[in-house]
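Below you'll find the structure, written out as structure tokens, and then a few comments.
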Amino acid sequence: MPSNRIQIAPSILSADFARLGDQVAEAELAGADCIHIDVMDGQFVPPITFGPIIADSIRDRVSIPLEIHMMTLHPENHIRQLVDAGVDRIIVHVEACPHVHAVVQQIKSSKVEAGVAINPGTSLSAAEEILPDLDQLLIMTVNPGYGGQSFIPSSIPKIERARRMIEAIGRSITLEVDGGINTTTASIAVDAGATLLVAGSAVFTHDSSVAEAMSTLRRAIDAPTFPVDH
């Protein structure tokens with residue numbers, strides 16, 4: 001993939017579960033780069049969502065990577081099951097892992113990519129020491145848990161700082177942004193340094209087909225941005 005192409009990861013949190021397999025297949029045909037699966041345990045965040053069974057059920061419907069966003073306590077207890085389900089990347093929250101280095105090494109030893117997520121209220125310094133070991137850094141631009149939230153504008157400088165941190169160590173680490181990504185905020189996040197955008201309701205919507213929504217979002221990524229106070 002060309003380094004200047006911004007990736008899109010549709011989040012199934014907003015999908016129609018009556019036709020989930022069809023929708024992820026439609027997203028791939030429309031140009032999605034990976035499928036984003038939010039695993040929530042009702043403890044680290046209030047909702048309870050998906051697990052390995054869902055990942056396994058859609059693995060055969062798409063050829064693009066499946067990435068797991070673990071919004072759970074003790075994510076290390078579930079890595080083996082997720083790997084066996086065929087996922088390609090596992091992202092854990094630094095806030096949920098007292099020994100985040102050990103968890104990252106556990107993921108990498110399972111031969112899948114490892115990422116770390118940072119909540120809006122968490123300093124980037126919490127991930128600084130582990131950054132050289134990561135394949136991906138995820139900046140949350142909403143508080144984790146519920147879909148459909150609005151992008152937090154004060155996250156923009158944090159994305160910019162994360163981009164500088166990655167460039168300073170000279171490694172090819174994907175900078176992902178998750179939360180409130182739509183046709184207004186997509187290019188703002190990209191301008192700040194994001195290279196992968198998670199989009200839920202902007203892709204899986206009742207207002208248009210998945211293909212139409214993906215096309216609209218892709219155009220918005222290249223659109224001029226307007227100043228946002230932060």
Side-chain angles (χ1 to χ4, degrees), residues 9-15 17 20 24 34-59 65-131 133-149 152 155 158 162 173-181 196-201 204:
S11 168
I12 67 168
L13 193 62
S14 299
F17 268 72
L20 178 60
V24 295
C34 62
I35 299 296
H36 187 88
I37 304 172
D38 291 308
V39 176
M40 308 186 197
D41 64 356
Q43 298 181 68
F44 181 67
V45 292
I48 297 174
T49 57
F50 324 119
I53 292 174
I54 293 294
D56 184 62
S57 70
I58 64 176
R59 176 65 284 175
L66 301 181
E67 68 171 24
I68 299 290
H69 181 186
M70 296 288 285
M71 298 185 225
T72 71
L73 300 177
H74 307 295
E76 65 274 9
N77 295 340
H78 309 286
I79 290 168
R80 184 72 263 160
Q81 286 179 296
L82 290 165
V83 171
D84 289 345
V87 307
D88 301 276
R89 182 182 308 126
I90 299 175
I91 304 160
V92 298
H93 269 263
V94 68
E95 302 88 355
C97 299
H99 306 291
V100 66
H101 182 272
V103 179
V104 166
Q105 294 307 312
Q106 180 185 356
I107 295 169
K108 293 177 76 71
S109 68
S110 299
K111 308 303 181 186
V112 298
E113 293 185 354
V116 161
I118 300 283
N119 281 340
T122 300
S123 171
L124 275 173
S125 62
E128 186 172 4
E129 298 302 326
I130 193 65
L131 192 61
D133 295 303
L134 300 182
D135 299 294
Q136 191 155 304
L137 178 65
L138 170 57
I139 304 298
M140 292 298 298
T141 47
V142 299
N143 288 296
Y146 295 102
Q149 298 183 64
I152 299 173
S155 301
K158 191 175 192 176
I173 298 169
T174 300
L175 180 55
E176 184 172 27
V177 168
D178 182 2
I181 294 298
L196 173 58
L197 303 178
V198 178
S201 56
F204 299 116

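All residue numbers in this chain count up from 1 along the given sequence.
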Once you round to the nearest 0.5 Å, how far does OG1 of Thr141 lie from CG of Leu197? 9.0 Å
Using the six-membered ring wherever Trp is involved, compare the ring planes of Phe44 and His93 and label them parallel, tilted or perpendicular (cut-offs 30° and 60°). tilted
Heavy-atom closest pair, residues His69 and Ala117: NE2-CB, 4.0 Å
Would you say the side chain of Ile79 lies within less than 4.5 Å of the side chain of Val112, judging by non-hydrogen atoms? no
Please examine the side chains of Ser11 and Asp38, heavy atoms only from C-beta on, and report whether any two atoms are closer than 4.5 Å. yes
Tell me if the NE2 atom of His74 is crowded by more than 12 foreign heavy atoms within 6.0 Å. no
Backbone N/O of Gln136 and side chain of Thr174: donor-acceptor pair under 3.5 Å: no
The reported gap from CD1 in Ile68 to CZ in Arg89 (rounded to nearest 0.5 angstrom) is 10.5 Å
Hey, does the side chain of Glu95 reach the backbone of Asn119 with a donor-acceptor pair shorter than 3.5 angstrom? yes
Separation between OG of Ser201 and CG of Leu13, rounded to the nearest 0.5 Å: 9.5 Å
Side chain to side chain contact (heavy atoms under 4.5 Å, CB included) partner of His36, the single match among Leu196, Asp178, Ile12: Asp178
Looking only at heavy atoms, what is the nearest atom pair of Leu175 and Ala162, with distance? CD1-CB, 3.9 Å
d(Ile37 CD1, Ile90 CD1) to nearest 0.5 Å is 10.5 Å
Would you mind reporting whether Lys108 and Asp135 have side-chain heavy atoms less than 4.5 Å apart? yes
Would you indicate whether the side-chain heavy atoms of Leu124 and Lys158 approach each other to under 4.5 Å? yes
Hey, does Gln81 have a side-chain heavy atom less than 4.5 Å from the side chain of Val87? no
Minimum-distance pair of heavy atoms, taken over all atoms of Val83 and Ser110: CG2-CB, 3.7 Å
Working to the nearest 0.5 angstrom, can you tell me the gap between Glu76 CD and Ile107 CD1? 9.5 Å
Approximate separation, where rounding is to 0.5 Å, of Leu131 CG and Ile173 CD1: 4.0 Å
Main-chain N/O of Glu67 paired with Asp88 side-chain donor or acceptor, under 3.5 Å: no
Grab the two heavy atoms, one from Cys97 and one from Pro75, that are nearest each other, plus how far apart they are. SG-CG, 3.6 Å
Is there a side-chain contact between His78 and Val39 in this structure, where contact means two heavy atoms from C-beta onward sitting under 4.5 Å apart? no
Minimum heavy-atom distance between Cys34 and Pro10, given as atom pair plus value: O-CD, 3.1 Å
Sub-4.5 Å side-chain heavy-atom contact between Ile181 and Val198: no
Identify the two heavy atoms, one from Val142 and one from Pro120, that lie closest to each other, and give their separation to 0.1 Å. O-CG, 3.2 Å
pair Leu20-Ile54: side-chain heavy atoms closer than 4.5 Å: yes
